[in-house]
Amino acid sequence: TGVSTVSTTSAATSTRSAPVIFPPIEGGSANWAFHLGLNCWEEHGAVSLPDANPLLGTYTVEECRQQCEMNPDCEAAVIATHVSTPTFPCFLRTSVVIAQCRSYADFDVWEIQRTPSTTSLSSSTTSTSVTSTGVSTVSTTSAATSTRSAPVIFPPIEGGSANWAFHLGLNCWEEHGAVSLPDANPLLGTYTVEECRQQCEMNPDCEAAVIATHVSTPTFPCFLRTSVVIAQCRSYADFDVWEIQRTPSTTSLSSSTTSTSVTSTG
């Protein structure tokens, strides 16, 4: 397939989630490994490219990845998502060693997965599938025909049994695709991404966890939503939606440890 399967055990045995494979951007030909809440910089898993620490100006997530793919020395785009704007500071990195990068709130790493044919951006439109074992394939066309990226399927959290559709840069609230659950707009306190999803899975009425990532802390405000209609939600910087995909057997969190694969087919 050109991209190896990435296997991940539960959080009981790993403190860092496995990356999820995204399809090529518009006009591109390389897949991308998305590392949520990670940062790579000098002496921490990467070297900055000249005049790209950050690049001048701000960029959407797709524009930053495009800048990386156009630079043959770029191995990853690091995006600072702490700013409350639709565009973000964009850092280009080389000599990337993901295992040496650091968990870091409000930063995400998009690691490019080049093949011999991906030396430059092509003009063709691509269609690629992102698959998680046990979940139907989600297909997406390029941004030329859609302004919103397709969700990417994540495996269950520790002790859980439901998969999750991850919508980057999206928000759902009253009259905008969702209804807030009582005492959960937001929940009291702050939560890691996994803890917020756990709160959602434990509530049988919860259809999505909305996480506000604009705070510069390792934990975030967590909003639980019901009556979710993703098509009516809004693109929104610094918010992400984790849509739970329950099955008849996912009425409650189980105590078993899970091991699931996330696969991209090329």
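Every value quoted in this text rests on a predicted model; they were computed, and no experiment measured them. For the numbers below, each heavy atom of this structure counts, side chains included, while hydrogens, waters and symmetry mates do not.
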Problem - pair Ile230-Leu170: side-chain heavy atoms closer than 4.5 Å - result: yes
Q | Check: Thr190 side chain, Pro221 main-chain N or O, donor-acceptor pair, under 3.5 Å | A | no
Residue set satisfying side-chain hydrogen bond (donor to acceptor under 3.5 Å, both in side chains) with Ser48, at least two apart, ordered chain then number -> Glu42, Asn53, Arg93
Heavy-atom nearest pair, Asp108 first then Gly37, reads OD1-N, 2.9 Å
Test item: Cys64 and Val61 side chains (from C-beta on) under 4.5 Å apart, heavy atoms:
no
Scanning both residues in full, the closest heavy-atom pair of Cys74 with Ala77 reads SG-N, 4.5 Å
Nearest heavy-atom approach of Trp164 to Cys200 is CH2-CB, 3.9 Å
For Tyr236, the side-chain contact (heavy atoms from CB on, under 4.5 Å) test, sequence neighbours excluded, returns Asn171, Trp173, Phe239
Contacts of Ala165 meeting side-chain contact (heavy atoms from CB on, under 4.5 Å) (sequence neighbours excluded), chain-then-number -> Pro151, Ile153, His167, Glu243, Gln245
Scanning both residues in full, the closest heavy-atom pair of Arg65 with Ile25 reads CZ-CG2, 3.4 Å
Of all heavy-atom pairs linking Asn31 and Pro23, the shortest is OD1-CA, 3.5 Å
- Query: Heavy atoms, side chains only, cut-off 4.5 Å: are Ile79 and Trp110 in contact?
  - Reply: yes
Rounding to 0.5 Å, atoms CZ (Phe22) and CG (Leu168) come to a distance of 6.0 Å
Distance col, row Leu188:CG vs Cys222:SG, nearest 0.5 angstrom, shows 11.5 Å
Apart from Leu49 itself, members of its ILVMFWY cluster (side-chain separation under 4.5 Å) are Leu55, Tyr59, Leu92
Here the pair of heavy atoms bringing Ala30 nearest to Glu69 is N-OE2, 3.4 Å
Derivation of the side-chain contact (heavy atoms from CB on, under 4.5 Å) call for Phe88 and Val78
CA-CA 10 Å; Phe88 312 99; Val78 176; over 6 Å; no
Glu75 meets the side-chain hydrogen bond (donor to acceptor under 3.5 Å, both in side chains) criterion, sequence neighbours left out, with Thr94
Sorted by chain and residue number, the side-chain contact (heavy atoms from CB on, under 4.5 Å) partners of Thr192 (sequence neighbours excluded) come out as Glu194, Glu195, Thr219
The reported gap from CZ in Arg234 to CD in Glu175 (rounded to nearest 0.5 angstrom) is 10.0 Å
Original post:
After noting the C-alpha distance and the side-chain angles of Phe91 and Val109, does the key distance pass the side-chain contact (heavy atoms from CB on, under 4.5 Å) rule?
Top reply: CA-CA 9 Å; Phe91 305 78; Val109 174; over 6 Å; no
